[in-house]
Amino acid sequence: MTTNEELLAERYGAKKPNNPIRNRVLSVLGVAGLVAMAGYFALANYSPVTSTDVGFRVLSDWRTEVDFELSKPAEAVVVCSFEALDNSFGVVGWAEYEFGPSETTTNRYTINLNTYSMAVTGLVDECRLR
């Protein structure tokens, strides 16, 4: 009398034995690939430039000031873009300024934005090395 396992082996072929060395090698390669990919994405997103919004002042319907701190390498030149937004988060003012080399790595600046209608906030959009 044949068992179910023997019937299945006759019909579909015998089950191949596991190869633990192959499985271990494939696991190590998979983990190494994931670590390499995570490292690549971490390096791709690294920037030595950071900005922090400190405050803003709406001076009139046509002008807004933005106060912020910029941290960058002292010899670097950085380009920052700024936005003034209305109640609906629509952009009512935008400007781009360049900040050159300085004596310290962190400096505080105040910039002026011209707006075409009343703004409710002003902020740093992004800063990048030039």
Side-chain angles (χ1 to χ4, degrees):
M1 184 179 238
T2 60
T3 65
N4 286 338
E5 288 180 16
E6 291 171 349
L7 288 173
L8 290 173
E10 281 180 29
R11 182 177 291 175
Y12 300 110
K15 185 177 177 183
K16 293 182 182 178
N18 283 336
N19 186 346
I21 295 173
R22 179 187 57 130
N23 291 344
R24 187 169 293 166
V25 168
L26 289 176
S27 297
V28 167
L29 288 175
V31 169
L34 290 174
V35 168
M37 191 175 1
Y40 169 77
F41 285 121
L43 288 175
N45 287 326
Y46 172 74
S47 175
V49 178
T50 58
S51 63
T52 305
D53 291 318
V54 174
F56 69 93
R57 286 175 297 290
V58 178
L59 303 176
S60 69
D61 286 350
W62 316 114
R63 197 165 135 205
T64 300
E65 285 185 342
V66 177
D67 300 321
F68 71 102
E69 283 187 355
L70 179 63
S71 297
K72 64 176 184 61
E75 69 282 351
V77 176
V78 174
V79 176
C80 294
S81 58
F82 302 89
E83 292 180 336
L85 306 176
D86 64 6
N87 283 338
S88 304
F89 300 104
V91 177
V92 295
W94 186 87
E96 204 170 66
Y97 288 93
E98 185 174 292
F99 301 93
S102 59
E103 293 179 8
T104 60
T105 58
T106 301
N107 294 299
R108 184 174 280 205
Y109 299 98
T110 299
I111 59 100
N112 291 308
L113 287 173
N114 292 328
T115 60
Y116 62 86
S117 68
M118 178 66 110
V120 296
T121 188
L123 51 95
V124 179
D125 182 35
E126 74 167 333
C127 290
R128 61 194 179 281
L129 287 174
R130 184 165 183 247

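Position 1 is the first residue of the sequence, and the numbers go up from there. Since the structure is predicted, the reported quantities are computational estimates derived from the model, not experimental observations. Hydrogens, waters and symmetry mates play no part in the numbers below; they use all other heavy atoms, side chains included.
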Connected-component partners of Y46 among ILVMFWY, side-chain separation under 4.5 Å: none

Neighbour count above 12 (heavy atom, 6.0 Å) for R11 CZ: no

All side-chain hydrogen bond (donor to acceptor under 3.5 Å, both in side chains) counterparts of T121, not counting sequence neighbours: none

Non-hydrogen atoms of A84 and T115 that approach each other most closely: CB-CG2, 3.6 Å

Side chain to side chain contact (heavy atoms under 4.5 Å, CB included) between V91 and L85, intermediate numbers included: CA-CA 5 Å; V91 177; L85 306 176; 3.8 Å; yes

Ring pair (Phe, Tyr, Trp, His ring centres under 6.0 Å) against F56, all qualifying residues, sequence neighbours excluded: none

Cluster overlap Y109 with V78, hydrophobic side-chain contacts below 4.5 Å: yes

Minimal non-hydrogen separation, T105 against A74, with atom names: CG2-N, 4.2 Å

Neighbour count >12 (heavy atoms, 6.0 Å) for atom CD1, I21: no

Heavy-atom neighbours of E98 CD exceed 12 at 6.0 Å: yes

L113 side, atom CG; W62 side, atom CH2 - distance, nearest 0.5 Å: 15.0 Å

Pair listing, side-chain hydrogen bond (donor to acceptor under 3.5 Å, both in side chains) test, anchored in residues 70-79, at least two apart: S71-T106

Under the side chain to side chain contact (heavy atoms under 4.5 Å, CB included) test, residues paired with D61 that sit two or more places apart: M118

Non-neighbouring partners of D67 that pass salt bridge (Lys or Arg N to Asp or Glu O under 4.0 Å), sequence neighbours left out: R57

Hydrophobic cluster partners of M37 (side-chain heavy atoms under 4.5 Å): L34, Y40, F41

Closest non-hydrogen atom pair, P48 against L129: CG-CD1, 3.8 Å

Interatomic spacing from CZ in R108 to OG1 in T52 - rounded to 0.5 Å: 9.5 Å

L70 and N107, any side-chain heavy atoms less than 4.5 Å apart: no

In one Ile/Leu/Val/Met/Phe/Trp/Tyr side-chain cluster, 4.5 Å: V49, V66: yes

OG1 on T110 to CD on E65, rounded to 0.5 Å: 6.0 Å

Common cluster, V124/V120, ILVMFWY with side-chain heavy-atom separation under 4.5 Å: no

Disulfide (SG to SG under 2.5 Å) contacts in which one or both residues fall within residues 96-130, not counting sequence neighbours: C80-C127

Selection residues 31-78 - residue pairs positive for disulfide (SG to SG under 2.5 Å), sequence neighbours left out: none

By side chain to side chain contact (heavy atoms under 4.5 Å, CB included) - contacts of L26 (at least two apart): R22

ILVMFWY network linking W94 to I111, side-chain heavy atoms under 4.5 angstrom: no

Side-chain cluster (under 4.5 Å, hydrophobic types only) that V79 belongs to, other residues: none

Which residues share a ring pair (Phe, Tyr, Trp, His ring centres under 6.0 Å) with Y97, sequence neighbours left out: F82

Short side-chain to backbone donor-acceptor contact, E6 and T3, under 3.5 Å: yes

